[in-house]
Amino acid sequence: MSGFTGFVLRRGLGAVVTLLAISVIIYVVFYATPGNVAQITCGPRCSPEQVHQVAEQLKLDDPLYVRYWHFLEGIVAGQDYSTGTSVQHCSAPCLGLSYRTDQQVTQLIWTKLPVSLSLVSGAMVLWLILGVGTGVLSAWRRGRLTERVLTGITLVGVATPVFVIGLLLMIVVCGQLELLPFPQYVAFTDDPEQWAWNLLLPWFSLALIEAAAFARLTRAAMLETLAEDHVRTFRAYGVRERSIIGRHALRGALSPVIALNANNFGSAVGGAVLTEMLFGLPGVGQELVHAVAVVDLPVVVGMVLVIGFFVVLANALADVLYAVADRRVVLS
């Protein structure tokens with residue numbers, strides 16, 4: 001237990017260092033670009049007084065490392081921002097103020113994040129069930145008609161864009177069959193049943209694409225594990241094939257599945273833009289696209305930083321799950 005606890009602590013420390021490095025890169029990329037950063041941030045219609053105010057808020061007269069330190073200080077302790085007529089306090093973790101709405105970026109993210117997490121979490125359950133199940137069945141029935149059919153389906157899934165699947169599902173399920181209403185996001189706290197019904201099509205649209213990749217990866221990992229010596233030993237002792245598949249081979253093939261799931265979950269929090277826009281879900285990805293379009297720099301930086309946080313967090317949890325799923329993993 002002490003070895004596992006130390007392993008978790010080291011992974012946690014590594015995640016914090018990685019997040020710090022990501023924040024440095026993000027800040028330098030967006031705030032050390034050539035040109036008038038204050039003018040770019042404020043927009044082309046801003047008056048010289050407004051541009052000057054933005055420059056003061058960003059502390060552009062200070063060296064870059066000093067500005068970055070103030071940025072970190074705002075995340076840890078909060079900051080005060082002048083809105084022209086008053087001073088607004090931004091509580092920690094403060095990621096700045098939107099120059100379009102004067103709204104705190106953190107508050108904006110908190111309103112959008114539940115939508116994206118609802119979409120990605122439900123889709124993740126589906127893509128794991130469909131993808132891993134299909135991959136295991138395909139490896140178990142290797143060389144048979146079942147494997148050929150499943151392989152063809154997964155190839156179609158990998159090659160089909162998410163908006164095509166989403167449009168087809170809406171046309172067939174909502175339009176022709178009228179089994180579900182056209183999706184309209186309802187908060188889980190307002191009505192859990194309507195929350196699930198309205199997210200059912202977005203879940204399947206996103207999950208069917210991801211499940212195809214999981215099926216191919218699981219099949220390859222299962223075939224590799226089934227060819228190992230300990231599996232042949234189990235067969236020689238007369239262990240049933242179902243027991244070998246479910247209790248031994250699948251557990252040994254989970255490591256690459258966990259890694260892929262961590263990357264997909266973290267990136268999908270802000271990367272499921274097409275799904276959110278197709279179904280009108282006001283999530284992080286849709287807000288990020290809008291912020292880029294209007295050059296709302298604090299919102300862009302805050303959104304990218306939050307997406308990076310989820311990617312790092314998901315991969316840190318995946319490292320821990322490796323040791324739980326596969327006893328052959330060395331805790332180092």
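- No donor-acceptor pair closer than 3.5 Å links the side chain of Gln104 to the backbone N or O of Leu97.
- Between the side chain of Thr111 and the main chain of Leu108, a donor-acceptor pair closer than 3.5 Å is present.
- For the pair Ser243 (side chain) and Arg240 (backbone), a donor-acceptor distance under 3.5 Å is absent.
- Annotation: the span from Leu313 atom CG to Phe265 atom CZ amounts to 8.5 Å, rounded to 0.5 Å.
- For the pair Thr154 (side chain) and Leu150 (backbone), a donor-acceptor distance under 3.5 Å is present.
- Distance CG/Leu200 to CG/Leu126: 7.5 Å, rounded to 0.5 Å.
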Ser205/Phe163 under side-chain contact (heavy atoms from CB on, under 4.5 Å): CA gap, chis, key distance, verdict:
CA-CA 8 Å; Ser205 299; Phe163 62 85; over 6 Å; no
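- Contact of the Leu206 side chain with the Met124 side chain is not registered, since no non-hydrogen atoms from C-beta on lie closer than 4.5 Å.
- With hydrogens and angles ignored, the 3.5 Å screen pairs no side-chain donor or acceptor of Glu178 with any backbone N or O of Val173.
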Does the pair Ser118 and Leu199 meet the rule for a side-chain contact (heavy atoms from CB on, under 4.5 Å), with working shown?
CA-CA 8 Å; Ser118 297; Leu199 283 173; 3.7 Å; yes
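- Looking at Thr146, its side chain never comes within 3.5 Å of a backbone N or O of Arg141 through a donor-acceptor pair.
- Side-chain contact between Leu305 and Leu19: absent, with no pair of heavy atoms (C-beta onward) separated by less than 4.5 Å.
- Rounding to the nearest 0.5 angstrom, the gap separating the CD1 atom in Ile258 from the CG atom in Leu317 is 11.0 Å.
- Just one residue in the list Val306, Val300, Val299 forms a side-chain contact (heavy atoms from CB on, under 4.5 Å) with Met303, and that residue is Val299.
- Side-chain atoms of Lys112 and Pro282, non-hydrogen and from C-beta on, do get closer than 4.5 Å to each other.
- Following chains of ILVMFWY side-chain contacts shorter than 4.5 Å, one cannot reach Val17 starting from Phe309, and the two form parts of different hydrophobic clusters.
- In this structure, Val301 and Phe71 have side chains that are in contact, with non-hydrogen atoms separated by less than 4.5 Å.
- Scanning both residues, Ala268 and Val120, for their nearest heavy atoms gives O-CG2, 3.4 Å.
- Using modelled atom types, one side-chain atom of Gln286 and one backbone atom of Leu281 make a donor-acceptor pair closer than 3.5 Å.
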Apply side-chain contact (heavy atoms from CB on, under 4.5 Å) to Leu260 and Phe214, showing your working.
CA-CA 8 Å; Leu260 179 61; Phe214 276 89; 3.9 Å; yes
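- Asn198 places no side-chain N or O within 3.5 Å of a backbone atom of Pro183 that could act as its donor or acceptor partner.
- Side-chain contact check for Ile75 versus Cys94: every heavy-atom pair is 4.5 Å or farther apart.
- The distance from atom CG of Asp296 to atom CD of Gln103, rounded to the nearest 0.5 Å, is 10.0 Å.
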Would you sort out whether Asn264 and Trp127 count as a side-chain hydrogen bond (donor to acceptor under 3.5 Å, both in side chains), showing the intermediate values?
CA-CA 10 Å; Asn264 284 10; Trp127 78 49; over 6 Å; no
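- Side-chain atoms of Leu288 and Ile307, non-hydrogen and from C-beta on, do get closer than 4.5 Å to each other.
- Using the six-membered ring where Trp is involved, Trp195 and Trp203 have ring planes that are perpendicular, over 60° apart on the 30 and 60° scheme.
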Working note: Gln184 + Gln194, criterion side-chain contact (heavy atoms from CB on, under 4.5 Å); need CA distance, chi angles, decisive distance, verdict.
CA-CA 9 Å; Gln184 185 177 1; Gln194 289 300 316; over 6 Å; no
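- To the nearest 0.5 Å, atoms CZ (Arg144) and OG (Ser138) are separated by 12.0 Å.
- A donor-acceptor pair is defined here as one N or O able to donate and one able to accept, closer than 3.5 Å; such a pair exists between the side chain of Thr233 and the backbone of Asp229.
- In this structure, OG1 in Thr218 is found 10.5 Å from CG in Leu223, a value given to the nearest 0.5 Å.
- Counting only heavy atoms from C-beta outward, the side chains of Pro114 and Phe188 never approach each other to under 4.5 Å.
- A 4.5 Å side-chain heavy-atom check between Met170 and Phe279 finds at least one atom pair inside the cut-off.
- Put simply, the side chain of Asn261 never gets that close to the backbone of Val257: no donor and acceptor are under 3.5 Å apart.
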